[in-house]
Amino acid sequence: MPCVAEILIPLALDSAYSYAVPAGLDLSVGEVVQIPLGPRETVGVVWGVRQSPGGSNLRPVTGRIDVPALPDALRELVDWLARYTLAPKGSALAMALRLPDEAALTETIRVGVRASGKAPARPTAARTKVLAVAADGAMRGKSALAKEAGVSLSVVDGLIDDGALEAVALAPEPVAQPPDPDHARVPLSEAQEAAVRELVALMNPAPDAPPPTDAIGDPLPAAAADGKVPPPGAEAKAPTVLLEGVTGSGKTEVYFEAVADCVRRGHQALILMPEIALTAQFLDRFAERFGARPAAWHSGVGGKRRERIRAGVTAGEIAVVVGARSALFLPFADLGLIVVDEEHEAAYKQEDGVHYHARDMAVVRGRIENCPVVLASATPSIETRVNAERGRYRRIALPERFGGRRLPDIAAIDMRADKPERGRFIAPALVAAVRETVTSGDQALLFLNRRGYAPLTLCRACGHRYQCRNCSTWLVEHRFRRALVCHQCGYAERRPESCSECGTFDNLTPCGPGVERIAEEVAELFPDKRVIVLSSDFPGGAERLRAELQTVAEGGCDIVIGTQLVAKGHNFPHLTLVGVLDADIGLTSGDPRAAERTFQLLQQVTGRAGRGEKPGRALLQTYQPDHPVIAALLSGDSERFYEEEIGAREAAGLPPFGRLAALIVSANEREVAEAHGQALARAAEPPDGVMVLGPAEAPLALIRGRYRFRLLVKTERSIDLQTYLRAWLARGPKIRGNVKVAIDVDPQSFL
DNA sequence: GGAGATTCGTCA
DNA sequence: GACGAATCTCCC
């Protein structure tokens, strides 16, 4: 009987296409094939094979492509992701299927050179320099040798031609060495040891131990759609564990031991990091513990290297991958552990193309692979805390800092009582604290989450406020760049000399502070102190930033002024004072997660203080010292924050408790969108709220979508919603146009 | 994701 | 009403 293959193509297509399988070609599920699509040839993955009676008029599969088949677990993940996010299946597949591209195949072979011992025929000055460097007989890269000798590449090439240097093709640099789980076990505190024991025990339940009490993660869509959610404890599932440790408690060392245990048992481990934190510093730290660097996977890894990592992961030769969210789609042969570091980070959310949250997909992949997932954070997201409280996730806490260090004392500066001088932004009490800190030789950090010089510019003559022409936000003055910049969309214009509205010359006033302006104030207050401003938009890029972070860490500066990038990762052992210049920033943003985000950010920032020998303290400049978030920070009791916030969310129906709400964004047919909204509101089970936004109000990201309009729905239980919406759409309100439904579990991105 | 068909938006 | 730009539809 002729054979038909269902082929999923990595394009924005909702379902697999059917192709005839030519006689003699024996295809199995997961294999990569070449197929005709319209006028061209593309690749696809076999999603199913079936016997089909009768001659078919289907186009035939062209042939098999010689790459490893997509593992079952990944196909399951693709199906799951597509159903959950309502993304086209093909788009989900595209994330898991990255075929070698042209650049990857034509990678140049690296050439190493070393002295051959022969003297060059014509020893010029440049040649002598090169040979002096190469005299040690060591093997070097061609360009490395030229650089070290301070000459151009052609000199080296000349010496190779001459025979004075011999060139040898080098084996490609290994993407990862095998980690040694017992390389250098660092001494752990008692609390860390206990956490490690608990974690390892959870990962490897004794065969006769009772199964975990509850299923983890969301029910799989298949189960939910059928209404067959497995009863608690039905199967022994690998657990999802929240590893919650205050800043400086040594969470990393704890999960490193989990990784070591996983490697010892011969399985692979994946450590996910939010993009920004994927630094060389972390890889070094890993190398100290395991004696080898892990494979690093992120958008910057390209070409052949990417392919080699994929191949190594497929073959099971690479034991540990440290990567950004896309590493979730690597074809691991035997995944034994997933760690999501800083699980609360918003960077785990993919906002373009397929919308997904890497933390949640990690839990899903863990479930599919039946491997444990560790979510690590000092300030977990509310969702994760709620999941832990409900018993879906296990929780291991590290309530104290490593090495007996204390968490910084946090105090408020009430800005209503202790006002800065006119035109200044640092309150006298904070100025005094900084002075005290720097005179005793310690470092102070002034934190303000505002880039640029001033967040608003207005004309004193006519009151004109400079606004972005694309968005409705104020333009931020950047003095270094002499420009007014929109932080929303990137629009920039030259800072005008005279008002563009009334023409008055030199009468524009900056309103409010940005880090550049604070730097100015600090320079006046502490003219003889070394100051470094750390802001993501400063010239010099990542290179300079790294150097400056290094300087700060080594104590080569007295006062640091920084935006949110100082909140994460880096260890500043000399820092004993953190001053938050505007603790209220972000509390009033209307974002349902404003409180959570502010709490997390300020907790992380203030936690920078006192990581070294001396204890630290933090001062928060605030106009609302009684605000629940500020009060929780001041009390030093984060449990209090979580309790209050979870209670408040539950009462207000905000995520993760929001029941059902719909948002309709219409790019160009507002009346159609409104009809949808009204129909949805009249539906048998109306959502809690329907919102219709026109193109002007809609976030840019949504308008850029390729659909005429788009229905976005958010709730924790998106699976139920999806079923509901499908039913609603099937009943079909008579509205023309192409309806696409997308689900985002996190509404804040488009509210 | 890409090509070809269709509709939109703007200008006279 | 025409024309370039934006958007939609179709690929088994």
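Letters A, B, ... mirror the listed sequences (proteins, then strands); counts begin at 1.
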Rounded to whole angstrom units, what separation is found between the [atom1] atom of [X] and the [atom2] atom of [N]?
| X | N | atom1 | atom2 | result |
| --- | --- | --- | --- | --- |
| A/Lys89 | B/dG1 | NZ | C1' | 19 Å |
| A/Arg59 | C/dC10 | CZ | P | 17 Å |
| A/Leu37 | C/dC12 | CG | C1' | 8 Å |
| A/Leu58 | C/dC12 | CG | C1' | 6 Å |
| A/Tyr17 | C/dT9 | OH | P | 13 Å |
| A/Arg40 | B/dA3 | CZ | C1' | 8 Å |
| A/Leu11 | B/dG2 | CG | C1' | 9 Å |
| A/Leu8 | C/dC11 | CG | P | 17 Å |

Ring centres under 6.0 angstrom apart (A/Tyr356, A/Phe329):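 Here the rings of A/Phe329 and A/Tyr356 have centres that are less than 6.0 Å from each other.
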field: A/Thr62-A/Tyr19 side chain donor-acceptor pair, cut-off 3.5 Å
entry: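 Short answer, no.
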message: Between A/Ser381 and A/Glu343, is there a side-chain donor-acceptor contact under 3.5 Å, judged purely by atom types and distance?
response: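 Yes, because at least one side-chain N or O of A/Glu343 sits under 3.5 Å from a partner of the opposite role on A/Ser381.
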- request: Please work out if A/Leu13 contacts a base, only the sugar-phosphate, or nothing of the nucleic acid, heavy-atom cut-off 4.0 Å.
  value: base
- prompt: Are the charged groups of A/Glu501 and A/Arg465 less than 4.0 angstrom apart, N to O?
  reply: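 Between A/Arg465 and A/Glu501 there is no salt bridge, as every charged N stays at least 4.0 Å from the carboxylate O atoms.
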